[in-house]
Amino acid sequence: MSENLDQITIQLNGESHRIDGDSGLMALISALKLKPKRIAVELNREVVPKAEYDKIVLKNGDVVEIINFVGGG
Amino acid sequence: MQDTPLKIGDRSFKSRLIVGTGKYKDFAETRRAVEESGAEIVTVAVRRVNITARDKENLLDFIDPERWQILPNTAGCYTAEEAIRTCRLAREAGVGSIVKLEIIGDQKTLFPDVPATIDAAKILVKEGFTVLPYITDDPVACRRLEEIGCAAVMPLAAPIGSGLGIRNPFNIKIIIEQAKVPVIVDAGVGTASDAAIAMELGCDGVLMNTAIAGAKDPIAMARAMRLAIEAGRLAFLAGRIDRKLHASASSPLTGLIG
């Protein structure tokens with residue numbers, strides 16, 4: 001498969017991640033098979049309100065953190 | 001004898017036992033232990049989703065946020081900035097805005113970094129969080145946290161996971177004496193009597209994780225803790241006898257046969 005020149009690189013949970021340019025945040029969440037109600041997202045150090053998930057378009061160099069709840073005391 | 005509910009922020013709870021969800025064998029065991037404990041508030045940690053190895057199940061598929069008050073903690077944070085960031089993310093996850101503030105100052109003992117905890121608490125309270133800070137059994141630190149608006153104070157009994165029980169009951173008593181917010185002993189509880197002692201001292205609640213999850217039979221220990229919290233609270237409300245140096249006979253001193 002030839003390289004898609006429209007791809008961009010973001011930092012996702014500490015790792016470089018290639019996605020299609022003009023990818024929406026919601027598309028990324030769906031591609032990762034995540035349920036929005038079980039996660040929270042930070043984009044460039046700002047928490048993204050859930051209502052904005054389908055409005056955000058990711059750009060090259062964006063730093064994304066996606067968290068969920070795990071066992072803890 | 002009727003008890004008043006445990007009030008945290010603007011919410012009321014009947015159970016005075018708060019349990020963690022760490023160190024269990026699997027989610028099913030976690031769920032059974034939480035249910036057996038009767039706890040209404042359950043702590044969880046906040047961590048990155050594992051992008052590469054996606055688990056099909058999520059903790060909250062087993063611990064329903066509609067049924068339990070989820071209490072995200074800031075475990076793993078060593079600075080106020082990390083803890084504040086974690087709380088903001090946790091709130092957006094949509095389980096409410098009650099948070100357990102935990103900023104560690106030492107990796108071996110996991111004792112809290114008191115100045116950082118106070119700094120973070122100030123900011124979190126301003127941002128509208130209901131803050132439950134994990135703190136040392138230092139009455140001055142607890143007073144500061146109450147003054148800046150924390151919804152409770154959570155002095156440790158002993159290091160996290162140590163099972164030593166309350167090491168300084170005198171400090172805990174002083175903290176209880178001066179506090180106008182709930183005092184919840186958090187960390188270091190080992191077995192049922194530790195929990196009962198905390199409640200007998202006058203604590204408003206106890207938070208524990210390892211004591212249950214690490215027991216040989218976690219479900220049985222969850223039940224033991226539930227009973228211990230109830231017994232200790234009832235004993236406290238019933239008003240214990242004084243401690244005396246000498247005896248005070250229980251049977252009459254008169255009418256003895258000659």
Side-chain angles (χ1 to χ4, degrees), chain A residues 1 3-4 7-73, chain B residues 18-27 29-30 34 42-52 54-63 65 70-76 81 85-95 100 102 110 134 160-161 186-187 207-214:
Chain A
M1 179 153 74
E3 188 176 295
N4 184 342
Q7 286 213 316
I8 60 172
T9 302
I10 61 168
Q11 290 298 309
L12 174 57
N13 286 358
E15 305 270 327
S16 287
H17 203 77
R18 302 269 297 159
I19 56 173
D20 291 335
D22 281 348
S23 278
L25 176 59
M26 197 58 227
L28 174 63
I29 291 171
S30 301
L32 295 170
K33 295 193 174 49
L34 296 169
K35 295 186 224 161
K37 73 171 181 179
R38 290 279 184 258
I39 61 171
V41 179
E42 195 192 63
L43 173 58
N44 299 328
R45 292 286 185 131
E46 299 256 330
V47 175
V48 181
K50 282 205 212 269
E52 311 272 298
Y53 284 4
D54 52 11
K55 298 196 187 80
I56 303 272
V57 174
L58 297 168
K59 301 183 309 298
N60 198 50
D62 273 347
V63 179
V64 179
E65 293 278 351
I66 305 182
I67 62 92
N68 63 0
F69 294 133
V70 301
Chain B
I18 301 175
V19 296
T21 51
K23 296 179 173 174
Y24 284 100
K25 190 174 68 183
D26 52 38
F27 288 151
E29 185 185 67
T30 311
V34 168
V42 176
T43 65
V44 299
V46 177
R47 291 289 180 269
R48 283 170 166 168
V49 167
N50 192 331
I51 302 295
T52 49
R54 289 295 335 286
D55 297 316
K56 294 183 195 63
E57 297 169 333
N58 182 281
L59 175 62
L60 266 49
D61 296 333
F62 287 76
I63 310 290
I70 303 294
L71 178 63
N73 68 26
T74 65
E81 192 201 337
R85 238 178 111 194
T86 302
C87 288
R88 289 173 180 155
L89 274 163
R91 176 156 65 178
E92 193 56 35
V95 294
K100 169 174 159 173
E102 176 183 337
L110 299 182
Y134 157 71
I160 294 170
D186 174 15
L207 197 162
M208 65 177 73
N209 188 155
T210 308
I212 297 176

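All chains are named by letter (A, B, ...) in the order of the sequence lines, taking the proteins before the strands, and each is independently numbered beginning at 1.
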Is it the side chain or the backbone of B/Lys23 that comes within 4.5 Å of chain A heavy atoms, both, or neither? neither
Please find the pair of heavy atoms, one from B/Ala45 and one from A/Gly71, that lie closest to each other, and give the distance. CB-O, 3.8 Å
Less than 4.0 Å between a side-chain N and a carboxylate O, is that true for A/Glu65 and B/Arg48? yes
Minimal heavy-atom distance between A/Leu32 and B/Ile51, with the atoms involved, is CD2-CG2, 3.6 Å
Work out which heavy atom in A/Ala40 is nearest to a heavy atom in B/Ala93; give both atom names and the distance. CB-N, 3.9 Å
So, the side chain of B/Asn73 versus the backbone of A/Gly73: is there a donor-acceptor pair under 3.5 Å, distance only? yes
Let me know if A/Lys37 has heavy atoms under 4.5 Å from chain B in its side chain, its backbone, both or neither. backbone
Option in B/Thr21, B/Ile160, B/Leu71, B/Thr30 with maximal non-hydrogen atom pairs under 4.5 Å from chain A: B/Thr21
List the steps, then state whether side-chain contact (heavy atoms from CB on, under 4.5 Å) holds for B/Arg85 with A/Arg45. CA-CA 8 Å; B/Arg85 238 178 111 194; A/Arg45 292 286 185 131; 3.3 Å; yes
Of all of B/Asn209, B/Ile63, B/Leu89, B/Asn58, which one pairs up most often with chain A through heavy atoms under 4.5 Å apart? B/Leu89
Pick one of side chain, backbone, both or neither for B/Val95, based on which atoms fall under 4.5 Å of a heavy atom in chain A. side chain
Where does B/Ala90 contact chain A at under 4.5 Å (heavy atoms): side chain, backbone, both or neither? both
Tell me whether B/Glu81 at atom CD has more than 12 heavy atoms from other residues, nucleotides or ligands lying less than 6.0 Å away. no
Here the gap from A/Ile67 atom CD1 to B/Thr86 atom OG1, rounded to the nearest 0.5 Å, amounts to 8.5 Å
How far does CD of B/Glu92 sit from CD of A/Glu42, to the nearest 0.5 angstrom? 11.5 Å
Identify the heavy atoms of B/Asp61 and A/Lys35 that sit nearest to each other, and give their distance. OD1-NZ, 3.8 Å
Shortest non-hydrogen pair, A/Phe69 vs B/Leu59, comes out as O-CB, 3.9 Å
In short, A/Arg38 meets B/Leu60 closest at the heavy-atom pair NH2-O, 3.2 Å
With B/Val49 as partner, the option from A/Ile29, A/Leu34, A/Leu12 fulfilling side-chain contact (heavy atoms from CB on, under 4.5 Å) is A/Leu34
